[in-house]
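Just so you know, residue 1 is the first one in the sequence shown, and it goes up from there. Only heavy atoms go into these numbers, but all of them, side chains included; no hydrogens, no water, no symmetry mates. Counting starts at 1 for both ligands and their atoms, in listed order. All figures in this text were calculated on a predicted structure; none of them were measured in a lab.
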Amino acid sequence: MDRTKEILTCLRNAVDYVSGGAIARQMGISRTAVWKHIKTLERMGYTITALQGKGYKLSGIPDRLYPWEIEHHMQTRSMGRKIIHRDTIESTNALAFSYGLEGAEEGTCVIAEQQTAGRGRLGRPWFSPSGKNIYMSLILRPGVSPQDVYPLTFVSSLAIYDTIRILTGQEPTLKWPNDVLMGGRKVCGTLLEISTEADRVSCVIVGIGFNINMKEDEVDEAIRQKATSLFMETKKEYERAAVCGMLLTNLEKYYLIFKDHGGREICAVWEERSGIKGKHMEIVQNDVRYEGVSEGIGPDGSLLLNVNGSIIKIISGDVSF
Ligand code: BTN
């Protein structure tokens with residue numbers, strides 16, 4: 001693969017055709033070997049024009065989340081510096097979890113084109129059709145206790161929020177605890193899973209499902225009223241690798257705030273950005289329904305709800321405004 005990538009870089013950097021002979025000389029391999037690598041690139045979805053007497057030219061890049069395509073678009077030190085890409089997988093969170101247990105480095109990222117058993121919050125499935133959206137799981141090692149992990153959900157939502165704003169110019173809505181909405185429907189969700197050792201968290205998996213190019217008629221009927229995508233909101237298609245790169249860059253930015261200033265700071269930024277304070281809302285937690293006015297977010301990420309003068313701390317549940 002390294003040689004194939006070298007040829008890809010060579011074609012990418014060239015302004016015009018590059019001859020097979022020149023590539024072969026530069027890499028110290030035969031012209032037949034060059035041709036074989038070109039065929040590999042074509043099988044991967046790259047469009048390469050070959051012209052007798054002139055050589056090869058890169059004329060199309062596939063819409064695939066190859067690590068080297070994402071790398072072009074990110075400015076990070078650790079987030080996504082190692083990307084594991086799969087075509088089809090049950091769940092990126094499940095694979096990231098096993099890599100996490102094996103000691104994978106902080107910032108390692110598992111990405112798939114499609115999930116066959118994508119997991120959502122509260123045991124729900126996550127609709128994950130092929131080649132349309134982003135399904136990504138990050139391995140983090142924040143070195144905190146389990147009760148301090150929760151604000152990492154906000155790290156993810158804030159990074160998504162910034163990414164959407166930059167890409168579309170629209171302001172999404174942040175909905176407690178982990179949703180990002182556009183036009184009142186969910187465009188992205190985050191699922192945290194943790195592994196603990198003694199009293200410390202050994203790794204946190206931040207799983208992000210971000211709907212990008214999915215069209216209305218491609219959405220599962222069961223969630224059509226509730227789900228949206230960047231395409232559905234803006235009628236534009238987005239280069240998913242570029243979106244991933246931007247998202248990883250934004251994730252690192254907020255993760256550094258979490259590490260340097262603690263979860264309280266992230267909760268405060270999220271509270272501000274969501275405008276949640278003072279909103280009238282209804283929450284169902286463990287089958288119990290609460291109705292009240294939000295007093296904002298606690299330092300641990302919980303939602304503080306004023307129900308007839310008493311403050312109730314909500315730690316999980318479904319919210320409706
Ligand atoms: C939610 O219910 O809002 C959370 C959805 C999280 C879905 C993502 S997709 C990538 C990662 N892998 C999974 O199986 N789930 C998360």
| Residue pair Asn93 / Ser91, side-chain donor-acceptor N/O under 3.5 Å | no
| message | With a 6.0 Å cut-off (strictly less than), is the heavy-atom count around NZ of Lys36, excluding the residue itself, greater than 12? | response | no
| field | Test: Glu197 and Arg200 ion pair at under 4.0 Å | value | no
| said: For atom 9 (S) of ligand 1, what's the nearest protein heavy-atom neighbour? Residue, atom name and distance, please. | reply: Gln115 NE2, 3.4 Å
| said: So for ligand 1, is Tyr135 a polar contact partner (N or O within less than 3.5 Å, distance only)? | reply: no
| field | Asn178: numbered ligand 1 atoms lying under 4.0 Å from its heavy atoms | value | 1 (C), 3 (O), 4 (C)
| message | Out of all atoms in ligand 1, which are within 4.0 Å of some heavy atom of Ser137? Include the element for each. | response | 11 (C), 12 (N)
| At what distance, to the nearest 0.5 angstrom, does OH of Tyr238 lie from CD1 of Ile164? | 9.5 Å
| request: For the residue pair Tyr66 and Trp68, categorise the inter-ring angle as parallel (less than 30°), tilted (30 to 60°) or perpendicular (more than 60°). | output: parallel
| Close-contact set for ligand 1 against Met136 heavy atoms, below 4.0 Å | 10 (C)
| said: Return the closest protein heavy atom for atom 11 (C) of ligand 1 as residue, atom name and distance. | reply: Thr92 OG1, 3.2 Å
| request: Considering heavy atoms of the protein only, find what lies nearest to atom 6 (C) of ligand 1 and give residue, atom and distance to 0.1 Å. | output: Arg119 O, 3.6 Å
| note | of all protein heavy atoms, closest to atom 5 (C) of ligand 1 is Trp126 CE3, 3.3 Å
| query | Phe210 pairs by side-chain contact (heavy atoms from CB on, under 4.5 Å) with which of Asn133, Leu230, Thr190? | reply | Leu230
| said: Only heavy atoms of Thr190, strictly under 4.0 Å: list the atoms of ligand 1 that pass. | reply: 4 (C)
| Sub-3.5 Å N/O-N/O distance, Arg121 and ligand 1 | yes
| query | Side chains of Glu113 and His85: do they bring a donor and an acceptor to under 3.5 Å? | reply | yes
| Between Leu101 and Leu140, is there a shared hydrophobic cluster once you connect ILVMFWY residues whose side-chain heavy atoms come closer than 4.5 Å? | no
| Contact atoms of ligand 1, heavy-atom distance to Gly118 under 4.0 Å | 14 (O)
| request: Report yes or no: do Tyr161 and Asn250 form a side-chain donor-acceptor pair below 3.5 Å? | output: no
| said: If the cut-off is 4.0 Å to any non-hydrogen atom of Lys186, which atoms of ligand 1 fall inside it? | reply: 1 (C), 2 (O), 3 (O)
| task | Measure the distances from the heavy atoms of Glu90 to every atom of ligand 1 and state whether one is below 4.0 angstrom. | result | no
| query | Should you measure from each heavy atom of Gly209, which atoms of ligand 1 turn up under 4.0 Å away? | reply | 7 (C), 8 (C), 9 (S)
